[in-house]
Amino acid sequence: MTVKDGNLYLGDEFLIGAEQSRIKTLYLPALTEMGNSCLIRAYALTHFEAPALAKMGSSCLFHAKALTRFETPALTSMGIYCLHNASLLTRFEAPALTEMGSYCLSNAGSLTRFEAPVLAKIGTGCLFHADALESSLRQKVRRALRRIGF
């Protein structure tokens, strides 16, 4: 591991980007599970990429207000309050997500794209203040929620 300009590298692979001692970007290729409250106060985090992440415990990335990029293609399960205050996140794509706990993405006011094609269970209050979702997409999400008993 090496540090170049305040950023952490493993060989030539960029893992952690920082600015003024605050983590801005995280690339965690081997991470498969996040425990409860993981990165709960990641206020300055703008980019999070974890290609192998399958499960997020409760309150993960709760205060990720600066987050604009969230890449987790293997994610299948989110606990309650994950990404609760991700107010700058514009795109959420989780092709493997089947379960989303209550109040996830509930204050994602900038969210314009939500894709979770195999989502089977969603908790109360998810996407509650996702006001930027296009009306047709919002209707599609609402129909999907009704279909699964929400």
Side-chain angles (χ1 to χ4, degrees), residues 6-8 13-148 150:
N7 300 314
L8 183 64
E13 192 167 38
F14 177 79
L15 297 178
I16 299 175
E19 185 177 293
Q20 298 177 344
S21 300
R22 298 187 104 189
I23 295 174
K24 300 285 277 182
T25 60
L26 279 175
Y27 174 62
L28 304 169
L31 180 67
T32 58
E33 186 171 334
M34 294 172 76
N36 292 338
S37 301
C38 190
L39 297 169
I40 193 170
R41 291 182 180 88
Y43 300 108
L45 188 67
T46 59
H47 293 81
F48 180 82
E49 187 175 351
L53 181 64
K55 183 178 180 185
M56 295 173 74
S58 295
S59 299
C60 293
L61 294 161
F62 184 92
H63 290 294
K65 293 179 180 189
L67 193 67
T68 58
R69 186 169 142 210
F70 181 75
E71 308 262 342
T72 56
L75 186 63
T76 59
S77 173
M78 297 171 72
I80 61 172
Y81 288 103
C82 290
L83 298 163
H84 180 69
N85 289 309
S87 58
L88 294 181
L89 190 65
T90 59
R91 183 172 58 95
F92 181 83
E93 296 172 6
L97 187 65
T98 59
E99 184 176 349
M100 195 174 190
S102 296
Y103 303 104
C104 293
L105 293 163
S106 61
N107 291 315
S110 299
L111 196 66
T112 57
R113 183 176 182 138
F114 178 83
E115 290 189 21
V118 295
L119 186 62
K121 183 177 179 185
I122 187 166
T124 306
C126 291
L127 302 164
F128 189 71
H129 293 289
D131 300 328
L133 277 175
E134 299 168 14
S135 61
S136 62
L137 178 59
R138 194 174 306 136
Q139 292 298 336
K140 183 178 175 183
V141 169
R142 286 186 182 142
R143 279 194 303 273
L145 293 176
R146 276 190 233 114
R147 187 180 74 243
I148 60 177
F150 179 68

About how many Å separate [atom2] of [Y] and [atom1] of [X], when rounded to the nearest 0.5 Å?
{"X": "L105", "Y": "L61", "atom1": "CG", "atom2": "CG", "result": "10.5 Å"}
{"X": "C60", "Y": "L39", "atom1": "SG", "atom2": "CG", "result": "7.5 Å"}
{"X": "L89", "Y": "L83", "atom1": "CG", "atom2": "CG", "result": "6.5 Å"}
{"X": "D131", "Y": "L111", "atom1": "CG", "atom2": "CG", "result": "10.5 Å"}
{"X": "T98", "Y": "M78", "atom1": "OG1", "atom2": "CE", "result": "11.5 Å"}
{"X": "Y81", "Y": "S102", "atom1": "OH", "atom2": "OG", "result": "7.5 Å"}

By the salt bridge (Lys or Arg N to Asp or Glu O under 4.0 Å) test, which pairs, at least two apart or in different chains, include something from residues 55-79?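 Qualifying pairs: E49-R69, R69-E71, E71-R91.
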Output yes when a side-chain donor or acceptor of [X] lies under 3.5 Å from a complementary backbone atom of [Y], and no otherwise.
{"X": "N36", "Y": "S58", "result": "yes"}
{"X": "T68", "Y": "T46", "result": "yes"}
{"X": "S106", "Y": "C126", "result": "no"}
{"X": "H47", "Y": "F70", "result": "no"}
{"X": "S59", "Y": "S37", "result": "no"}
{"X": "T112", "Y": "T90", "result": "yes"}

Using a 4.5 Å cut-off on heavy atoms from C-beta on, say whether the side chain of L97 contacts that of F92.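 Heavy-atom side-chain distance check passes, below 4.5 Å.
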Heavy-atom side-chain proximity of F62 to I40 below 4.5 angstrom: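 In short, these two side chains touch, coming nearer than 4.5 Å.
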Just wondering, more than 12 heavy atoms not from Y27 lying within 6.0 Å of its OH?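 Counting other residues, nucleotides and ligands, OH of Y27 exceeds 12 neighbours.
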For L53, side-chain contact (heavy atoms from CB on, under 4.5 Å) partners two or more places apart: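 In terms of side-chain contact (heavy atoms from CB on, under 4.5 Å), with neighbours along the sequence ignored, L53 is linked to L31, M34, F48, A50, M56, T72, L75.
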